[in-house]
Amino acid sequence: MIKVKNIKNISKMAHAVFSGGDTLRPFTVAVEGNVGSGKTTFLEHFNKNDNVAVFAEPIDMWRNCDGYNLLELMYNDPKKWSFTFQSYVQLTMLRQHQKKIKEPVKLMERSLYSARYCFVEKMSRDNLMPGASVAVIDEWFKYITTLDHTKVDLFVYLRTSPEVAYERILKRNRSEEKTVAYQYIKSLHDIHEDWLYHKTLHKCTAPVIVLNADLDRSVIEEEYEKFEPHILNKTALELKMA
Ligand code: 8LK
């Protein structure tokens, strides 16, 4: 137990108290959910808070790895590019986890865990990634998740019906997502459900808050606010403000 000796160090201590073992880590929240579940809207809401450092999915890096748009390559020829794409996703997510921040709360869009448990899972089930490639991803995954600053303290699951998620994808019309079929979204939905809701798939390494993300943009803020004290780890903030 850390004793609070002076106010100057209080923010540092809030980090330490909630580090769950590894060195001075912020309270780390990963927002998870299907493609089209409203993660960006969720991040925008919390980005207004000075105590939160928000990390959006590093999609621009996936679109430009030394000039290659890996996201586009993966969607256009998944059999050829899934492994390459997910190898890079794993590296960029690791970097997000390890980025140092001064705020007591880190809010990440997805995580190393959804990379492996949802997306690699899906590619493996669809035979887009052969067993040998999954094994290599897994060896890296097992190693890097032992490193400092890779733990997640809380998952926020933006739970949508696959129909609503699919409708939103059609509406936002992202160029790489043109080839995405409803069936893909439905099975990605089932995988998220089994991992974070039924907890029957892989390991759920932190508590999960489930939000009704089918709600329209105009009312979803109320849903966020209901859970805000938990998401922001009220205790860490109280310590910081003491
Ligand atoms: O989230 C942006 C786009 O990237 C969306 O079309 C789904 C895709 N994607 C993917 O194929 N594999 C991923 C992620 C996103 C995120 C992780 C961690 N792995």
Side-chain angles (χ1 to χ4, degrees), residues 28-44 54-65 68-99 106-129 133-134 136-138 140-141 144-145 150 152 155-158 160 162 164-192 195-196 201-206 213:
T28 304
V29 181
V31 54
E32 304 286 0
N34 207 341
V35 185
S37 57
K39 292 182 295 299
T40 307
T41 313
F42 181 88
L43 294 181
E44 278 166 6
V54 169
F55 289 84
E57 219 168 43
I59 186 164
D60 288 338
M61 299 180 83
W62 306 342
R63 282 184 168 134
N64 182 5
C65 176
Y68 295 98
N69 185 340
L70 299 183
L71 185 65
E72 189 174 61
L73 289 172
M74 183 272 295
Y75 272 130
N76 288 347
D77 190 349
K79 201 143 198 157
K80 184 166 177 187
W81 293 108
S82 286
F83 174 73
T84 310
F85 176 68
Q86 288 303 334
S87 302
Y88 194 55
V89 166
Q90 189 156 254
L91 173 65
T92 57
M93 293 309 295
L94 173 63
R95 287 197 182 130
Q96 304 273 71
H97 279 274
Q98 295 198 314
K99 265 196 195 132
K106 179 185 253 192
L107 179 56
M108 292 179 56
E109 181 176 10
R110 295 206 175 107
S111 59
L112 277 169
Y113 302 91
S114 42
R116 171 60 189 92
Y117 297 156
C118 298
F119 288 93
V120 173
E121 177 69 27
K122 171 80 181 118
M123 289 164 176
S124 167
R125 287 183 187 188
D126 293 346
N127 287 319
L128 295 171
M129 225 193 255
S133 302
V134 177
V136 171
I137 295 256
D138 270 347
W140 275 106
F141 177 76
I144 61 185
T145 51
T150 57
V152 166
F155 289 109
V156 175
Y157 175 31
L158 299 185
T160 49
V164 169
Y166 190 64
E167 221 170 87
R168 289 184 188 148
I169 295 166
L170 294 181
K171 253 195 210 148
R172 79 177 170 199
N173 198 20
R174 232 182 226 164
S175 67
E176 295 92 347
E177 289 172 358
K178 275 195 193 108
T179 53
V180 172
Y182 172 75
Q183 196 45 50
Y184 176 83
I185 296 305
K186 168 73 172 83
S187 36
L188 206 49
H189 166 79
D190 292 340
I191 291 174
H192 277 88
W195 174 41
L196 292 173
L201 179 68
H202 297 293
K203 258 199 296 197
C204 195
T205 50

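Note that ligands are numbered from 1 as they come in the structure, with each ligand's atoms numbered from 1 the same way.
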Chemist: Honestly, is Lys178 close enough over Tyr75, meaning NZ or CZ under 6.0 Å from the six-membered ring centre and within 45° of the axis?
Modeler: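 Geometry flag: not set, cation outside 6.0 Å or 45°.
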
Chemist: So, are Glu57 and Lys39 salt-bridged, with charged N and O less than 4.0 Å apart?
Modeler: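 Salt bridge: no.
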
Chemist: Could you walk me through whether Thr179 and Tyr184 pass side-chain contact (heavy atoms from CB on, under 4.5 Å), step by step?
Modeler: CA-CA 10 Å; Thr179 53; Tyr184 176 83; over 6 Å; no

Chemist: Could you give the N/O to N/O pairs under 3.5 Å linking ligand 1 and the protein, each with its distance?
Modeler:
residue  : atom   : partner : partner atom : Å
ligand 1 : 1 (O)  : Glu57   : OE1          : 2.5
ligand 1 : 1 (O)  : Arg110  : NH1          : 3.1
ligand 1 : 6 (O)  : Tyr75   : OH           : 2.6
ligand 1 : 6 (O)  : Glu177  : OE2          : 2.7
ligand 1 : 12 (N) : Gln86   : NE2          : 3.0

Chemist: Give a yes or no on whether Tyr68 atom OH has more than 12 heavy-atom contacts from other residues, nucleotides or ligands under 6.0 Å away.
Modeler: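 No, not enclosed.
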
Chemist: Which class fits the ring pair Phe155 and Tyr113: parallel under 30°, tilted 30 to 60°, perpendicular over 60°?
Modeler: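 Judged by the thresholds at 30° and 60°, the geometry between Phe155 and Tyr113 is perpendicular.
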
Chemist: I'd like to know if the side chain of Ser87 and the backbone of Phe83 have a donor-acceptor N/O pair within less than 3.5 Å.
Modeler: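 Yes: the side chain of Ser87 pairs with the backbone of Phe83.
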
